[in-house]
**Q** 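One structure follows; several queries about it will come next.
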Amino acid sequence: MFKILIIDDDIAVQILLKRMLEKEGYEVIAVSNGKYGIEQAMIFPPAMIICDWMMPGLTGIDVCRYIKNSPYLSTTFFILLTSLGSTADRVKGLDAGADDFITKPIENNELRARVRAGLRLHQLSQDLQNQKQLLEKELAEAADYVMSLLPMPMTSPLDIDFRFIPSRQLGGDCFDYYWLDSEYLAIYLLDTAGHGLRATLLSISVFNLLRARALKGLNYYQPSEVLKALNETFPMNDQNDKYFTIWYGVYHLPQRKLTYASAGHPPAILVPEDRNYHPVIHKLRTPGMPIGMFLEANYTDSTCEVEKNSSLYIFSDGAYEITKADGEIWGLDTFVQTLINVSKTPNYQLEQIVKILIHSHSQPSFEDDLSILKIQFY
């Protein structure tokens, strides 16, 4: 049974509406002012509110704004009762969030028809809201699953820390690091194009394939060969037109040598120990198209020697494509400068960088997954 709340300071109108609607089988509550009407709506959320426009204290416009701004009541269908017939007045009511109007004096057949139409729309809005909540729950569960797959932080012989902040829609970020043998450590981070479960499923498939080393005969010590094999295994035509970028590196512990290759991914940033407060950073990236985009794509390796006490940052574009309060985008250069500035702080932690990113963002949640790894070399 649908519940309808009537708010009107005219007792005669209350009685008239209550009788009409109860005959139609609705549960009706009637109150005489806007303040009490809002209280009743919060306690017993109605499917519909029929509210007089002109009332002492809170007007119908005031009540409508409050109801429509409440997430708890946003699907409630709101009808304004009015004797005002001008276009300007109706525009004012619509701007406040009113869904429909009934003009006084009230005509019985019109009232019944508008109530039926309004309740159909309320039910549709409620169904959409339930579907949205269900989808958000599934995305949250998928994000938890991705989190459960990620490796544990490492403290020896290297220090590896990370942060993974999924967006509301859940993107396709995933990363891993593991020892190929006692001397070689593989590290990678990938970012699938798009959002939602399809993007996540592709990233998890790649993650499981690499962790299990399921591509037989592949030299996992050679980053360019790994990217080439992934490109052949995951053509976008077979993955719902999904492709992904990736940065993949292999670190040789005894020689302190890092071999890496990338496929359309942001560069990893190597920050040496800051001795003079002017560190010379290295952007580690090689040419290469995103994985799955072109079957004939080629990938190349590059190497660098890692100095003692250097820090390596590997991240997705969600770490720097951040919308600030003024509408501007952070950008890669600003993000890199932030890494440099924070590295000047003694004993700084990755959490300091993440707090800066969160503080700079203008929205409560990120538009894209934010993934960042920090590898401290001793």
Side-chain angles (χ1 to χ4, degrees), residues 142-143 145-151 160 162-167 169-178 180 185-215 218 220-236 238-251 258-269 284-295 297 299-302 312-321 332 366-375:
Y145 177 64
V146 173
M147 286 289 291
S148 72
L149 295 175
L150 300 179
I160 303 181
F162 64 81
R163 294 294 183 275
F164 171 62
I165 304 176
S167 65
Q169 293 180 302
L170 187 62
D173 285 12
C174 205
F175 54 84
D176 201 5
Y177 45 86
Y178 46 84
L180 297 173
L185 177 71
I187 312 162
Y188 73 85
L189 189 150
L190 68 90
D191 180 5
T192 303
H195 299 88
L197 294 177
R198 288 196 301 175
T200 303
L201 288 173
L202 176 56
S203 67
I204 291 173
S205 296
V206 178
F207 176 93
N208 289 329
L209 189 73
L210 291 176
R211 179 170 282 189
R213 300 191 213 177
L215 294 172
L218 177 61
Y220 286 90
Y221 295 79
Q222 204 71 37
S224 61
E225 293 188 19
V226 174
L227 300 192
K228 185 175 185 298
L230 290 175
N231 190 60
E232 294 171 351
T233 305
F234 295 98
M236 61 184 295
D238 297 340
Q239 306 298 327
N240 295 309
D241 291 330
K242 293 292 183 184
Y243 60 87
F244 61 91
T245 68
I246 185 171
W247 190 98
Y248 184 99
V250 176
Y251 180 64
L258 178 64
T259 304
Y260 59 91
S262 58
H265 200 79
I269 304 299
L284 309 183
R285 175 165 54 185
T286 62
M289 298 299 294
I291 300 297
M293 192 169 284
F294 297 105
L295 189 61
Y299 303 96
T300 59
D301 293 316
S302 189
L312 178 68
Y313 297 92
I314 310 168
F315 46 88
S316 62
D317 57 13
Y320 60 85
E321 290 183 350
L332 179 60
F366 289 98
E367 295 91 346
D368 197 3
D369 287 358
L370 192 161
S371 301
I372 178 170
L373 287 85
K374 175 178 178 281
I375 300 98

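For the numbers below, each heavy atom of this structure counts, side chains included, while hydrogens, waters and symmetry mates do not.
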**Q** State the CG-CE distance between Leu295 and Met236, to the nearest 0.5 angstrom.
**A** 12.5 Å

**Q** Between Leu215 and Tyr220, what is the shortest heavy-atom contact and its length?
**A** N-OH, 3.0 Å

**Q** Only counting residues at least two apart or in another chain, list the ones meeting salt bridge (charged side-chain N to carboxylate O under 4.0 Å, His left out) with Lys228.
**A** Glu232

**Q** Ignoring hydrogens, what is the shortest heavy-atom contact between Phe315 and Pro267? Give both atom names and the distance.
**A** CZ-O, 3.2 Å

**Q** Report yes if some heavy atom in the side chain of Asp369 is under 4.5 Å from a heavy atom in the side chain of Pro166; otherwise report no.
**A** yes

**Q** Please report the shortest heavy-atom distance between Pro266 and Tyr320, naming the atom on each side.
**A** CG-OH, 3.4 Å

**Q** Between Asn231 and Phe294, is there a donor-acceptor pair closer than 3.5 Å when you use the side chain of the first and the backbone of the second?
**A** yes

**Q** Checking Tyr221 side chain against Ala186 main chain: does a donor-acceptor pair fall under 3.5 Å?
**A** no

**Q** Using side-chain heavy atoms (C-beta onward) and a distance below 4.5 Å, is Leu210 in contact with Leu230?
**A** yes

**Q** Testing the basics here: between Phe175 and Phe207, what is the closest heavy-atom pair and its distance to 0.1 Å?
**A** O-CE1, 3.4 Å

**Q** Please round to the nearest 0.5 Å and tell me the distance separating atom NE2 of His195 and atom CG of Asp368.
**A** 4.0 Å

**Q** Under the rule for side-chain contact (heavy atoms from CB on, under 4.5 Å), what residues qualify as partners of Thr245, not counting sequence neighbours?
**A** Asp191, His265, Pro290

**Q** When rounded to the nearest 0.5 angstrom, what distance separates OH in Tyr248 from CD in Glu225?
**A** 10.5 Å

**Q** State, yes or no, whether a side-chain contact exists between Thr200 and Tyr145 at a heavy-atom distance under 4.5 Å.
**A** no

**Q** Once you round to the nearest 0.5 Å, how far does CD1 of Ile269 lie from CD1 of Ile372?
**A** 10.0 Å

**Q** Quick one: list whatever passes salt bridge (charged side-chain N to carboxylate O under 4.0 Å, His left out) with Asp176, sequence neighbours left out.
**A** Arg211

**Q** To the nearest 0.5 Å, what is the distance between CD1 on Ile187 and OH on Tyr178?
**A** 10.5 Å

**Q** Does any part of the side chain of Val250, heavy atoms only, come nearer than 4.5 Å to the side chain of Pro223, both counted from C-beta?
**A** yes

**Q** Please enumerate all residues that pass side-chain contact (heavy atoms from CB on, under 4.5 Å) together with Ala268, with sequence neighbours excluded.
**A** Trp247, Leu284, Leu312, Ile314

**Q** Show your working on side chain to side chain contact (heavy atoms under 4.5 Å, CB included) between Val226 and Leu218 and close with a plain yes or no.
**A** CA-CA 7 Å; Val226 174; Leu218 177 61; 4.2 Å; yes

**Q** For Thr192 and Phe244, indicate whether the former's side chain and the latter's backbone hold a donor-acceptor pair under 3.5 Å.
**A** no

**Q** Mark yes when over 12 heavy atoms from residues, nucleotides or ligands other than Tyr243 sit less than 6.0 Å from its OH; otherwise mark no.
**A** no

**Q** Please evaluate residues Ser371 and Leu189 with respect to the criterion side chain to side chain contact (heavy atoms under 4.5 Å, CB included), reporting the C-alpha separation (whole Å), side-chain torsions for both, the decisive distance (0.1 Å), and the verdict.
**A** CA-CA 8 Å; Ser371 301; Leu189 189 150; 3.9 Å; yes

**Q** Once side chain to side chain donor-acceptor pair (under 3.5 Å) is applied, do any residues pair with Tyr260, and if so which ones, sequence neighbours excluded?
**A** Ser302

**Q** Rounded to the nearest 0.5 Å, what separates atom CG in Leu190 from atom CD1 in Ile291?
**A** 9.5 Å

**Q** Closest approach of Ser316 and Asp173, non-hydrogen atoms and distance?
**A** OG-OD2, 2.7 Å

**Q** Could you check whether any side-chain heavy atom of Phe234 comes within less than 4.5 Å of a side-chain heavy atom of Leu209, counting everything from C-beta outward?
**A** yes

**Q** Side chain to side chain donor-acceptor pair (under 3.5 Å) with Thr233: which residues, sequence neighbours excluded?
**A** none

**Q** What is the minimum heavy-atom distance between Phe164 and Met147, and which atoms define it?
**A** CD2-SD, 3.0 Å

**Q** Got a donor-acceptor contact below 3.5 angstrom from the Ser262 side chain to the Arg285 backbone?
**A** no

